[in-house]
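Let me begin by presenting the structure, written as structure tokens, before commenting on it.
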Amino acid sequence: MKGLDIEFEIRTKDVNEDFPAELPDNQVAAFLAEKKAAAFEADLGENEILITSDTTVLINDKVLNKPNNQEEAVQMLQMLSGNVHHVISGVCILDKVKKVVFDDITEVHFKHLSDHEITHYIEKYHPFDKAGSYGVQEWIGYAAVYKLVGSFYTVMGLPVHKVYEALKNW
């Protein structure tokens, strides 16, 4: 947001990130972004605009959210290693009278990672708060991501190009 020259402040709340099992995988990120927005809606000031987001990783019809522990992080990165996956970032923007929910998807190509590389990344970067157990802006993005089809910022967790367009028309 700073790069868009938009003034903002960060507020956080713990929000349960469960979603209905019957929800299509490609709708989970937008659902969770909207769920996060609902947690803040009552606190929203008269002239404030709230932006929430959530990111999921999809591979082989499986949703990868945040890992619960090191073992899950290793399993996720082993799944992604040498494969193509999709990252979907969902966004909810709202004020006292208007709400918009959307998402963006980026295809990510990973090179093969050795067990040593996976362990190194997890031990040094602790990606337990990241969907799919990785942050593209960290070491793994430099070492493993060799191709993106879509927005880098969507993989980081916020499709700023789409946020900008939504805010421009607010």
Side-chain angles (χ1 to χ4, degrees), residues 1-17 19 23 25-59 63-67 73 76-77 80 84-111 121-122 124-170:
M1 298 303 294
K2 186 177 180 180
L4 292 175
D5 296 329
I6 296 172
E7 288 184 37
F8 67 96
E9 70 178 71
I10 297 173
R11 299 178 192 168
T12 61
K13 280 189 182 187
D14 286 329
V15 176
N16 178 305
E17 295 188 18
F19 54 89
L23 188 68
D25 295 343
N26 63 348
Q27 295 177 20
V28 172
F31 173 86
L32 292 175
E34 192 169 8
K35 188 175 183 181
K36 290 177 180 181
F40 286 93
E41 201 165 0
D43 304 331
L44 200 57
E46 201 59 42
N47 295 314
E48 291 182 317
I49 298 172
L50 174 68
I51 302 171
T52 57
S53 67
D54 196 82
T55 301
T56 57
V57 172
L58 298 177
I59 184 164
V63 175
L64 304 182
N65 281 324
K66 299 170 186 163
M76 288 182 188
L77 291 174
L80 299 175
V84 176
H85 63 276
H86 293 90
V87 175
I88 301 176
S89 285
V91 176
C92 181
I93 303 175
L94 63 85
D95 62 17
K96 289 285 192 185
V97 296
K98 182 178 177 182
K99 175 168 73 173
V100 176
V101 180
F102 57 87
D103 60 35
D104 194 51
I105 186 166
T106 296
E107 182 179 276
V108 181
H109 297 246
F110 255 50
K111 77 169 193 92
Y121 174 69
I122 293 169
K124 183 159 185 176
Y125 294 92
H126 312 284
F128 304 109
D129 62 339
K130 295 175 176 58
S133 302
Y134 79 94
V136 70
Q137 70 278 16
E138 298 172 338
W139 176 87
I140 206 162
Y142 299 113
V145 175
Y146 68 90
K147 181 179 177 181
L148 293 174
V149 180
S151 171
F152 174 80
Y153 296 102
T154 294
V155 182
M156 279 187 62
L158 187 67
V160 292
H161 62 293
K162 284 194 163 187
V163 170
Y164 177 77
E165 286 304 313
L167 293 175
K168 192 167 79 168
N169 299 313
W170 206 262

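Keep in mind it's a predicted model, so treat the numbers as computed, not measured.
Between V108 and V155, some side-chain heavy-atom pair lies under the 4.5 Å cut-off. At least one side-chain heavy atom of M1 sits less than 4.5 Å from a side-chain heavy atom of V163. Inter-residue side-chain proximity for F40 and L94 is flagged as unmet; no heavy-atom pair is nearer than 4.5 Å. You'll find the side chain of I88 stays beyond 4.5 Å of the side chain of D104, heavy atoms only. Contact of the V145 side chain with the F152 side chain is not registered, since no non-hydrogen atoms from C-beta on lie closer than 4.5 Å. Inter-residue side-chain proximity for T56 and N65 is flagged as met; some heavy-atom pair is nearer than 4.5 Å. Looking only at side-chain heavy atoms (C-beta outward), S133 and P67 come within less than 4.5 Å of each other. Put simply, the side chain of V91 reaches to within 4.5 Å of the side chain of P159, judged on heavy atoms.
Nearest approach of S53 to A33, heavy atoms of both residues: CA-CB, 3.8 Å. The shortest non-hydrogen separation linking I122 to F128 is CG2-CZ, 3.8 Å. In terms of heavy atoms, L77 sits closest to G132 at CD2-O, 3.8 Å. Heavy-atom minimum distance, M156 versus V136: CG-CG1, 3.6 Å.
With values rounded to the nearest 0.5 angstrom, K2 atom NZ is found 12.0 Å from E7 atom CD. Separation of atoms CD (E9) and CD (E48) is listed at 6.5 Å; rounding is to 0.5 Å. Between atom CD1 of residue I59 and atom CG of residue L64 there is a gap of 7.0 Å, rounded to the nearest 0.5 Å. A distance of 4.5 Å separates CG in L167 from CD1 in I51, rounded to the nearest 0.5 Å. Separating the NZ atom in K36 from the CG atom in D14 is a distance of 10.5 Å, to the nearest 0.5 Å. Between the CG atom of L32 and the CD atom of Q27 there is a distance of 11.5 Å, given to the nearest 0.5 Å.
The backbone N or O of S89 lies less than 3.5 Å from no partner atom in the side chain of T55, so there is not a single donor-acceptor pair. Between the T106 side chain and the S151 main chain, a donor and an acceptor come within less than 3.5 Å of each other. A distance-only check finds no donor-acceptor pair linking the side chain of K99 to the backbone of C92 [under 3.5 Å].
At least one test fails for K35 against the ring of F19: distance under 6.0 Å to the centre or angle within 45° of the axis.
A parallel orientation is assigned to the rings of Y121 and W139, their planes being inclined by less than 30° (bins at 30° and 60°).
The number of heavy-atom neighbours closer than 6.0 Å to NZ of K96, taken from other residues, nucleotides and ligands shown, is above 12. Surrounding OH of Y142 are at most 12 heavy atoms belonging to other residues, nucleotides or ligands under 6.0 Å away. Other residues, nucleotides and ligands place more than 12 heavy atoms under 6.0 Å from the NZ atom of K13. Heavy-atom neighbours of Y164 OH from other residues, nucleotides or ligands within 6.0 Å: at or below the threshold of 12. Counting heavy-atom neighbours within 6.0 Å of D43 CG, excluding the residue itself, gives a total above 12. Remark: K98 NZ is packed, more than 12 non-hydrogen atoms of other residues, nucleotides or ligands lying under 6.0 Å away.
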task = Run the numbers on F31 and V101 for side-chain contact (heavy atoms from CB on, under 4.5 Å), then give the verdict.
result = CA-CA 9 Å; F31 173 86; V101 180; over 6 Å; no
message = Let's go through I93 and L50 carefully: what are the C-alpha distance in whole Å and the side-chain angles of both, what is the deciding distance for side-chain contact (heavy atoms from CB on, under 4.5 Å) to 0.1 Å, and is it a yes or a no?
response = CA-CA 6 Å; I93 303 175; L50 174 68; over 6 Å; no
query = Under the side-chain contact (heavy atoms from CB on, under 4.5 Å) criterion, do L80 and V57 qualify, and how do the steps go?
reply = CA-CA 10 Å; L80 299 175; V57 172; 4.0 Å; yes
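Ion pairing of K168 with E165 is present here, as a side-chain N (NZ or NE/NH1/NH2) and a carboxylate O approach within less than 4.0 Å.
H161 has its ring centre no less than 6.0 Å from the ring centre of Y153.
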